[in-house]
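Here the structure comes first, spelled out in structure tokens, and everything after it is commentary.
What you see is a predicted model; the values in this text were computed from it and never measured. Here is how names work: the chains are called A, B, and so on, in the same order as the sequence lines, proteins then strands, and each is numbered from 1. Values below: every heavy atom of this structure, side chains too, minus hydrogens, waters and symmetry copies.
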Protein chains: 4
Amino acid sequence: MTDPKKKIPSLVKDQRLIQKRREQMIEAAVSLFIEKGFHKTTTREIAAKAGFSIGTLYEYIQSKEDVLYLVCDAIHQELEERLMPVLKEETSGRESLVLAIRRLFEIMDHMQDQILIIYQEAKSLPADTLKYVLNREEQITAIFEQVLKKGIEDGSIDMNPKEAKLMAHNIMVLGEMWVFRRWALAKRFTLEEYIEKQISLILSQIS
Amino acid sequence: MTDPKKKIPSLVKDQRLIQKRREQMIEAAVSLFIEKGFHKTTTREIAAKAGFSIGTLYEYIQSKEDVLYLVCDAIHQELEERLMPVLKEETSGRESLVLAIRRLFEIMDHMQDQILIIYQEAKSLPADTLKYVLNREEQITAIFEQVLKKGIEDGSIDMNPKEAKLMAHNIMVLGEMWVFRRWALAKRFTLEEYIEKQISLILSQIS
Amino acid sequence: MTDPKKKIPSLVKDQRLIQKRREQMIEAAVSLFIEKGFHKTTTREIAAKAGFSIGTLYEYIQSKEDVLYLVCDAIHQELEERLMPVLKEETSGRESLVLAIRRLFEIMDHMQDQILIIYQEAKSLPADTLKYVLNREEQITAIFEQVLKKGIEDGSIDMNPKEAKLMAHNIMVLGEMWVFRRWALAKRFTLEEYIEKQISLILSQIS
Amino acid sequence: MTDPKKKIPSLVKDQRLIQKRREQMIEAAVSLFIEKGFHKTTTREIAAKAGFSIGTLYEYIQSKEDVLYLVCDAIHQELEERLMPVLKEETSGRESLVLAIRRLFEIMDHMQDQILIIYQEAKSLPADTLKYVLNREEQITAIFEQVLKKGIEDGSIDMNPKEAKLMAHNIMVLGEMWVFRRWALAKRFTLEEYIEKQISLILSQIS
DNA sequence: AATGAATGAGGGTTCATTCAT
DNA sequence: CATGAATGAACCCTCATTCAT
């Protein structure tokens, strides 16, 4: 139910320190992965940019792939933290949906580089670890499923509840599309136009 | 307008042979990239699986990235070749659209591994070369734009022609989604269900 | 004025260690370059003979050419260190010249293999780096120019000061000649005979 | 006594053809060796520049080093052919010497790139083959020895005949010096100045 | 807890040479 | 005689990971 995270073992005991060092390393890794991708980034570079030595890096992780996992998880974390507030609003499911979609797309625009990391590099995770990341992705998708169901219940959305999950995936993917088809879309639309048009198209499916 | 391909220089002069050897190399590379990804596949493995020596491999390409480009191009080629026939049918734009979407999704299902290669590995191409691949992707997307416009003209599709391009991208992405969200979708839907539901959702946007 | 050396970057920080390892590597490389030349010597051989791994070698240099530069520089260093003491003597310029020539030729004989490395391999250095080596060579030549000028001033040498530089080059080259024409000269002369004859010939030019 | 050349075996019988093809290959190789050195020049490049295929190249030689030998020999040949005419003049040994030195230095200037090939690349020849090249070099040196002896005999040159050989080597080396110390000498002297000064210095040794 | 020197397997690429056509 | 495709040993260099200090 809650958010199961993979435990990455550390040689260091002090939990505070672990958190601090991992934040440093994630920040360093994100910018490096954005710049050159996971494979072309070296562990040395990550340690250097994080401000400590390669030896220290390996006190807090066990392999380079651990860093990738921490990065993916942090990105999902940020995505979720940015998305959740919009759901607090007390409105109809339909309005909630529109707000959430808009927010999602704005987040996608804002975090485009990070989103790309997940899309392009997650495959390099060991199969086990990958599951945790995909799980998290599914949970975020489930948020939209919930909003849709709320709308169906309060009558503001007209659709078969069985299709809520698919619809939720569609929404997520249309958001991500702004990131990984940006090379084509940005030639034609501003973010605002993109949001407006997609919301309008989605609404035409639930009336 | 037409389909510009990047010329990959070869030390070998015989064009027939170049084509033959490159086909062998592409087939080998595709299966290896599927199995272990571009970065973890070695040029030696590609040569061995293709049935010739590493020296021979380099008679037909200049770098490992050339192999990746050839692979991406071949995948797009196959995708296009599988998609085009469905457009020959003499029907309304709307029916043509439905046929094309169905075919696209079936192709995505059939070529899922290859599609994943493009999505996950194309980023490793040199910027110059990447353009060729994205261009090709855009051209395939344009096919759906054409079908939509045909439907608008013959009155079978009701939508603002200005939105045809976006809609075409949406369709492509919903097809690709069957590939890269398969881990979530396949738990809930068969391909057939997926096709039916998505077509029905898309049709609700153009009536 | 002073002796500008090219800074070869190292991944290792400890300056002491850098010096120590580079000395090991230079000693190994010199003997290998003598034995088989720069091109036929592999970096692995250098590392092995130096007593460490190939990975360690590359912690202290950036490319095989860096080793060649270090070798050339060390050879020039030794040459200079062997030559300088003879100039401390308090005598006339003429006597000083004779002493220096004798010493130079003795050094050439002693360091023949190393001198050959510079002559035959320096061309493999990148243009930038080659300049440092040639510069050093010119500085050593300038030593003889100074001695000649001292002799002109104190009246013990009779020559146009304008020709001191050319004369200095001649002396250097006659010294090197003992190295790279050894195959012919050693058949006819001992080192001592060679020195005597050449000094006598040179003196006949400055009286 | 005469000029023993190394026989390089060829698979082809027709002597005319052998000579023609080898001339082509030498011309190609010389320009490539000048441009990039022996080691960085590939046999493919030599064949291509010579105007035939790599297969054909190996019909006329047995190894890349054979090409280097042919090149060295051709250079010596040209050097000799340019030098000999000056000896035909009917004058005193002293005048003959001056003429020969001048001619030698002019040739060195003219053929500087080729001379460099011999100096820097000959060491890559197999020991056996190297002997032929050094032999040739000694023969050319002997020319000057002859001129000196003629001068001693006709009284125009005053020196101990035992030193003629050394003197001849000195002259050769001072000529080569114009080539391999050009980076320093050309800053100070024109060829003409260099010739004048060196001749004057040499003459001061034989009066 | 932090450091950073050491390791060495492994990767991409080159190129002299061969030999079937 | 000429061609040029095929070979594979060998080269330079990288980098994730370890471990003594």
Side-chain angles (χ1 to χ4, degrees), chain A residues 10-14 17-18 21 39-48 51-67, chain B residues 10-14 17-18 20-21 39-48 51-67, chain C residues 10-14 17-18 21 39-48 51-65 67, chain D residues 10-14 17-18 21 39-48 51-67:
Chain A
S10 166
L11 293 177
V12 174
K13 313 286 176 203
D14 181 343
L17 202 46
I18 293 181
R21 292 278 182 258
H39 277 103
K40 294 201 173 161
T41 298
T42 68
T43 51
R44 263 173 153 106
E45 286 171 319
I46 296 170
F52 38 72
S53 73
I54 181 68
T56 300
L57 182 72
Y58 274 87
E59 297 272 310
Y60 295 93
I61 50 150
Q62 309 218 89
S63 74
K64 192 185 174 191
E65 277 129 10
D66 284 350
V67 180
Chain B
S10 167
L11 292 178
V12 171
K13 298 174 178 175
D14 183 340
L17 203 47
I18 292 180
K20 180 180 159 202
R21 292 282 181 256
H39 277 103
K40 296 204 172 159
T41 299
T42 69
T43 52
R44 277 178 167 79
E45 287 170 320
I46 297 171
F52 37 69
S53 71
I54 181 65
T56 298
L57 181 72
Y58 276 88
E59 296 268 307
Y60 294 91
I61 50 150
Q62 307 219 91
S63 73
K64 192 185 175 193
E65 278 141 4
D66 283 350
V67 181
Chain C
S10 167
L11 292 178
V12 172
K13 298 175 179 175
D14 182 340
L17 203 48
I18 293 180
R21 293 279 181 258
H39 277 104
K40 294 205 171 159
T41 298
T42 71
T43 52
R44 272 181 167 79
E45 287 171 320
I46 297 170
F52 37 72
S53 71
I54 179 69
T56 298
L57 180 72
Y58 276 89
E59 296 267 306
Y60 295 91
I61 49 146
Q62 307 217 92
S63 73
K64 192 186 174 192
E65 278 140 4
V67 181
Chain D
S10 167
L11 294 176
V12 174
K13 313 286 179 204
D14 181 342
L17 202 45
I18 293 180
R21 293 278 182 257
H39 276 103
K40 294 200 172 160
T41 298
T42 69
T43 51
R44 265 173 154 106
E45 287 171 319
I46 297 170
F52 38 73
S53 73
I54 180 67
T56 299
L57 182 72
Y58 275 86
E59 297 272 312
Y60 295 91
I61 51 150
Q62 307 218 89
S63 74
K64 193 187 172 190
E65 277 130 9
D66 284 352
V67 181

- prompt: So do the side chains of C/Tyr60 and C/Leu17 get within less than 4.5 Å of each other, counting heavy atoms only?
  reply: yes

- line: Note: contacts of residues 54-63 of chain B with DNA chain F (heavy atom, under 4.0 Å) are B/Ile54, B/Gly55, B/Thr56, B/Glu59, B/Tyr60

message: Judged by each residue's nearest nucleotide on DNA chain F, which is more toward the 5′ side, A/His39 or D/Asp14?
response: D/Asp14

message: Within this structure, what is the OG1-CD1 distance for the pair A/Thr42 and A/Ile54, rounded to the nearest 0.5 Å?
response: 7.5 Å

Euclidean distance, D/Leu57 CG relative to D/Arg44 CZ, rounded to 0.5 Å: 12.0 Å

message: Side-chain N or O of D/Thr43 versus OP1/OP2 of E/dA16: is the shortest distance under 4.0 Å?
response: yes

- prompt: Closest heavy-atom contact between B/Glu45 and B/Lys40?
  reply: OE1-O, 3.8 Å

query: OP1, OP2 of E/dA6 versus side-chain N and O of C/Arg21: anything below 4.0 Å?
result: yes

query: How close or far is atom C1' of F/dT14 from atom NZ of A/Lys40, stated in whole angstroms?
result: 13 Å

message: I'd like to know if the side chain of A/Ser10 reaches the main chain of A/Glu59, judged simply by a donor and an acceptor atom lying under 3.5 Å from each other, with no hydrogens or angles considered.
response: yes

message: Any base atoms under 4.0 Å from B/Thr42, or only sugar-phosphate, or nothing? Heavy atoms, all strands.
response: sugar-phosphate

- prompt: Could you spell out the base pairing of DNA chain E in dot-bracket, with Watson-Crick or G-U pairs whose two distances are under 3.5 Å, [ ] crossing and | to another strand?
  reply: .||||||||||||||||||||

- prompt: Which atom pair, heavy atoms only, marks the closest approach of D/Lys64 to D/Thr43?
  reply: CG-CG2, 3.7 Å

B/Asp66 CG - E/dT14 C1' separation (whole Å): 15 Å

task: May I have the distance from B/Arg44 (atom CZ) to E/dT13 (atom C1'), rounded to whole angstrom?
output: 9 Å

- prompt: When you measure from the side chain of D/Lys13, which nucleotide among E/dT3, E/dT7, F/dC1 comes out closest?
  reply: F/dC1

Sugar-phosphate, base or nothing in reach of A/Leu17, heavy atoms under 4.0 Å: sugar-phosphate

message: Measure CG/D/Leu11 against P/F/dT3 and give the value in whole Å, please.
response: 14 Å

- request: Under 4.0 Å between any heavy atoms, over every strand shown, what does D/Thr41 touch: base, sugar-phosphate, or nothing? Just pick one.
  value: sugar-phosphate

- prompt: Should A/Tyr58 and A/Leu11 count as side-chain neighbours, where that means a heavy-atom distance under 4.5 Å?
  reply: no

message: Less than 4.5 Å apart, side chain to side chain, heavy atoms only: is that true for A/Val12 and A/Arg21?
response: no

